[in-house]
Participant: 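Shown below is the structure under consideration.
Letters A, B, ... are given to chains in the order of the sequence lines, protein chains preceding strands, and every chain is numbered from 1.
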Amino acid sequence: MGEQGGKRAAKFQGPKGTRDFYPADMVRRRYIEQAWRTVSIRHGFEEIEGPTFEAADLYAVKSGEAILGELFQAFSGKSPEEVEQVRATGRAPYALRPEFTPTLARMYADRAASLPRPTKWFAIPIHYRAERPQRGRLREFLQWNADVIGDESPQADAEVIAVAVGLFTELGLSGRHITVRLSNRDLVSELLLENGVGEGNVGRALTLLDRRDRMAAEEFTRACGEIGLNAAALAERLGSIQSEMNSALAAMENGEAMPAIARRSPGIEQLKGLLAALDAQGILKWCEFDFSIVRGLAYYTGTVFEITAAGERAVAGGGRYDRLIESFGGPPTPAVGFGMGDVVLSLVLEEHGLMPEGERLAECLGTRPDAFVVSAGDESCDAAVAPLVAELRRAGLHARRSYKATKKIDKLLKDAAACWARFAVILDESWSAGRVQVKDLTDGTQHTIPRAQLAPWIAQRRAGLAV
RNA sequence: GCGAUCGUAGCUCAGUUGGUUAGAGCACCUGGUUGUGGUCCAGGGGGUCGGGGGUUCGAGUCCCCUCGAUCGCCCCA
């Protein structure tokens with residue numbers, strides 16, 4: 001911009017951390033979205049969607065500082081008061097959504113009285129976070145969310161984990177590639193209280209544990225001192241309970257009954273319930289306990305989990321948020337859910353050669369043309385291409401044509417093969433007698449078909465019926 | 001927001017100690033090899049070397065700034 005007239009226009013680049021989806025990229029995105037949608041529906045979830053921006057206050061307290069620092073802010077610019085507010089406070093009235101759970105909780109709270117229990121919803125929203133892009137992290141991304149609302153039982157926790165596992169299975173991933181790491185905030189909180197932390201400092205302590213690996217040892221020690229936490233004792237207790245729980249998990253995976261657990265507490269009861277429910281879902285082999293996971297978002301309660309793949313960031317993360325809906329003005333409503341981003345998932349699929357391409361991808365997405373019409377004859381054949389394509393489309397077929405000027409059949413067929421068409425319709429000398437050549441590009445056979453029977457012939461043959 | 005590396009056609013890259021009109025392969029378009037699907041051959045379109053400034057007789061090649069990308073930090077999907 002700012003160039004003199006006559007100079008070439010300035011080129012624009014897409015904003016930092018965003019992606020352009022050309023056709024080859026879009027089909028890969030659709031492949032993932034289709035798997036998300038198919039598996040969600042298979043597990044009995046119903047699709048919802050909300051606004052891409054919300055009142056900034058929606059995120060203010062519930063999400064925690066971590067997300068607040070990454071908010072993309074938005075305002076209409078229509079009123080002087082609004083502009084002045086942004087200028088004075090640096091805070092806009094709206095924010096592009098950085099996550100979906102607050103929107104979901106708001107939507108549920110609005111109609112809670114008329115919604116069934118449990119309500120099972122999924123969404124495939126686009127999200128925005130103003131962080132520095134890097135491997136597996138962009139500023140604009142898709143995130144699949146699946147939530148069970150109104151069911152406090154561990155069966156609900158297991159059900160959302162099961163739909164995530166179902167997705168991995170659908171895409172060809174297994175427990176060799178993927179691990180579901182389970183934890184429980186109530187259990188960790190109990191142990192914090194038993195190891196020196198006062199009632200009012202539990203939240204702070206959880207945040208501290210969440211960052212433990214990322215801070216200097218002496219800094220961690222000092223922070224522990226401030227809240228009275230005996231970190232060594234806590235680590236020892238958590239570690240021994242963790243290995244006990246993992247042994248129980250392994251035993252159950254071998255078909256044995258759940259072993260007795262030494263400790264008795266509300267947190268342990270939740271974990272035992274979860275273990276039984278995961279067993280009922282048949283997905284124990286994907287899971288393990290990892291009590292170092294507490295998660296950064298402030299609204300989590302009880303069960304929390306992260307799903308990881310070797311060498312990558314977390315593919316998905318989630319947990320219980322039993323008080324969030326109430327805090328948005330709804331009735332007290334337990335809920336559990338997770339989010340899975342498209343960026344890391346794509347990397348994992350690529351890494352294992354599980355992202356299909358070419359014909360297989362076109363087949364999965366239903367984008368293969370049924371007929372590809374080419375003219376290899378005189379002007380009358382050229383003129384017949386457009387009406388013939390239109391006729392096939394009216395018959396409900398996916399019909400395309402070549403736009404090349406050449407009459408070379410090899411090049412025209414190459415054109416047809418490039419889009420994975422099932423049949424090539426060749427207009428040549430026989431067109432003057434009302435017939436076309438149809439080549440089945442799958443098996444190489446060629447047939448002479450009267451024009452009037454072309455569409456039904458292709459439709460039947462596509463359906464696998466004998467002609 | 002901080003650090004490191006990088007930035008030449010749509011893609012992958014080559015460009016000699018700075019020196020005349022910036023190259024290749026793939027892709028795209030056209031034509032030929034006289035008519036059937038990732039052969040071969042020929043031709044063509046497309047880049048002011050991310051952008052701006054500076055040093056120099058002269059910079060894609062050196063210096064500064066800026067934008068972007070990649071990989072870490074932070075945080076999380």
Participant: Kindly indicate whether the side chain of Arg129(A) and the base of A77(B) share any N or O donor-acceptor pair separated by less than 3.5 Å?
Facilitator: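 Result: at least one qualifying N/O pair found.
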Participant: Does Arg295(A) put a side-chain nitrogen or oxygen below 4.0 Å from OP1 or OP2 of A77(B)?
Facilitator: yes
Participant: With distance as the sole criterion, is a donor-acceptor pair present between the side chains of Ser430(A) and Gln437(A) under 3.5 Å?
Facilitator: yes
Participant: Check the distance between C76(B)'s C1' and Gln134(A)'s CD and give it to me in whole angstrom.
Facilitator: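 Atom CD in Gln134(A) sits about 9 Å away from atom C1' in C76(B).
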Participant: Determine the Euclidean distance between corresponding C1' atoms of A69(B) and U30(B); express it in Å to zero decimal places.
Facilitator: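 U30(B) and A69(B) have their C1' atoms separated by 36 Å.
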Participant: Under 3.5 Å for both donor-acceptor distances, Watson-Crick or wobble: does G23(B) have a partner, and if so which one?
Facilitator: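 The base-pairing partner of G23(B), which may sit in any strand shown, is C13(B).
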Participant: Checking base pairs now: Watson-Crick or wobble, both atom distances under 3.5 Å. What partners U39(B)?
Facilitator: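 Across any shown strand, U39(B) pairs with none.
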Participant: If I pick the P atom on C64(B) and the same atom on A4(B), what distance separates them, to the nearest angstrom?
Facilitator: 13 Å
Participant: Taking atom C1' in both G38(B) and G45(B), what distance in whole Å separates the two?
Facilitator: 23 Å
Participant: Counting only distance, no hydrogens or angles, is the base of A77(B) paired donor-acceptor with the side chain of Glu306(A) under 3.5 Å?
Facilitator: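 In this structure, the two groups form no donor-acceptor pair.
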Participant: What is the per-nucleotide protein-contact pattern of nucleotides 30-40 of chain B, from the 5' end, where B denotes a base atom under 4.0 Å from a protein heavy atom, S denotes such proximity for sugar-phosphate atoms only, and - denotes neither?
Facilitator: SBBB-BBBBB-
Participant: Roughly how many Å is it from CZ in Arg132(A) to P in A4(B), rounded to a whole number?
Facilitator: 11 Å
Participant: Is the charged tip of Arg29(A) near the ring of Phe21(A): under 6.0 Å from the six-membered ring centre and within 45° of its axis?
Facilitator: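 Yes, a cation-pi geometry.
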Participant: For the pair made of NZ in Lys16(A) and C1' in U66(B), what is the distance, rounded to whole Å?
Facilitator: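 Computing the Lys16(A):NZ to U66(B):C1' distance gives 12 Å.
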Participant: Which one of Arg295(A), Arg323(A), Arg320(A) satisfies the side-chain contact (heavy atoms from CB on, under 4.5 Å) criterion with Tyr300(A)?
Facilitator: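 Only one of Arg295(A), Arg323(A), Arg320(A) forms a side-chain contact (heavy atoms from CB on, under 4.5 Å) with Tyr300(A), namely Arg295(A).
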Participant: Honestly, is Arg401(A) close enough over Tyr403(A), meaning NZ or CZ under 6.0 Å from the six-membered ring centre and within 45° of the axis?
Facilitator: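 Checked: cation-pi criterion met.
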Participant: Give Leu347(A) one of three labels, base, sugar-phosphate or nothing, depending on what nucleic acid heavy atoms sit under 4.0 Å from its own.
Facilitator: nothing
Participant: Between Glu140(A) (CD) and A69(B) (P), how many Å, whole number?
Facilitator: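 About 13 Å, once rounded to whole Å.
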Participant: For Arg19(A) and G68(B), what is the distance between atoms CZ and P respectively, to the nearest whole Å?
Facilitator: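 Those two atoms, CZ and P, are 18 Å apart.
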Participant: When you compare C40(B) with G46(B), how far apart are their P atoms, in angstrom units rounded to a whole number?
Facilitator: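 Comparing P positions in C40(B) and G46(B) gives a spacing of 26 Å.
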Participant: With the threshold set at 4.0 Å, does a side-chain nitrogen-carboxylate oxygen contact exist between Arg451(A) and Glu391(A)?
Facilitator: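 Salt bridge flag = yes for Glu391(A) with Arg451(A).
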Participant: Reading RNA chain B from 5' onward, which residue's closest nucleotide shows up sooner: Gly14(A) or Asp415(A)?
Facilitator: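 Mapping each residue to its closest nucleotide by heavy atoms, the 5'-most match is Asp415(A).
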Participant: Just verifying a value: how many Å separate Leu278(A) CG and Trp286(A) CH2, rounded to the nearest 0.5 Å?
Facilitator: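 Leu278(A) CG to Trp286(A) CH2: 13.0 Å, rounded to 0.5 Å.
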Participant: Between Asp440(A) and Thr445(A), is there a side-chain donor-acceptor contact under 3.5 Å, judged purely by atom types and distance?
Facilitator: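 No, no side-chain donor-acceptor contact under 3.5 Å.
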Participant: Return the orientation label for the Trp144(A) and Trp36(A) ring planes: parallel under 30°, perpendicular over 60°, tilted otherwise.
Facilitator: parallel
Participant: Would you measure the distance from the P atom in U20(B) across to the matching atom in G15(B) and give it in whole Å?
Facilitator: 16 Å
Participant: Give Ala314(A) one of three labels, base, sugar-phosphate or nothing, depending on what nucleic acid heavy atoms sit under 4.0 Å from its own.
Facilitator: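 The residue Ala314(A) makes sugar-phosphate contact but no base contact.
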Participant: Once you apply the 3.5 Å cut-off to both distances, tell me the Watson-Crick or G-U wobble partner of U70(B), or none.
Facilitator: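 Check on U70(B): paired to A4(B), both distances under 3.5 Å.
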Participant: In whole Å, what separates the C1' atom of G50(B) from that of C67(B)?
Facilitator: 7 Å
Participant: Taking the nucleotide of RNA chain B with the nearest heavy atom to each, does Phe141(A) or Arg135(A) sit closer to the 5' end?
Facilitator: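 Its nucleotide being nearer the 5' end, the pick is Arg135(A).
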Participant: Decide if atom CZ of Phe53(A) counts as having more than 12 heavy atoms of other residues, nucleotides or ligands within a radius under 6.0 Å.
Facilitator: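 No, because the 6.0 Å sphere around CZ of Phe53(A) holds 12 heavy atoms or fewer from other groups.
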Participant: Say we look at A9(B) and G51(B): how far apart would their P atoms be, to the nearest angstrom?
Facilitator: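 Comparing P positions in A9(B) and G51(B) gives a spacing of 10 Å.
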Participant: Take the protein atom CG of Leu96(A) and the nucleotide atom P of A77(B), then report the distance between them rounded to whole Å.
Facilitator: 18 Å
Participant: Rounded off to whole Å, could you give me the CD-to-P distance for the Glu99(A) and A77(B) pair?
Facilitator: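 Between P of A77(B) and CD of Glu99(A): 8 Å.
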Participant: Tell me: CZ of Arg137(A) to P of A69(B), nearest whole Å?
Facilitator: 16 Å
Participant: Give me the distance, rounded to whole Å, that separates G35(B) from C29(B) when you measure between the P atoms they each carry.
Facilitator: 23 Å
Participant: What does Gly17(A) touch in the nucleic acid at a heavy-atom separation under 4.0 angstrom: a base, only the sugar-phosphate, or nothing?
Facilitator: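 Sugar-phosphate: the residue Gly17(A), judged by heavy atoms under 4.0 Å, touches backbone atoms but no base.
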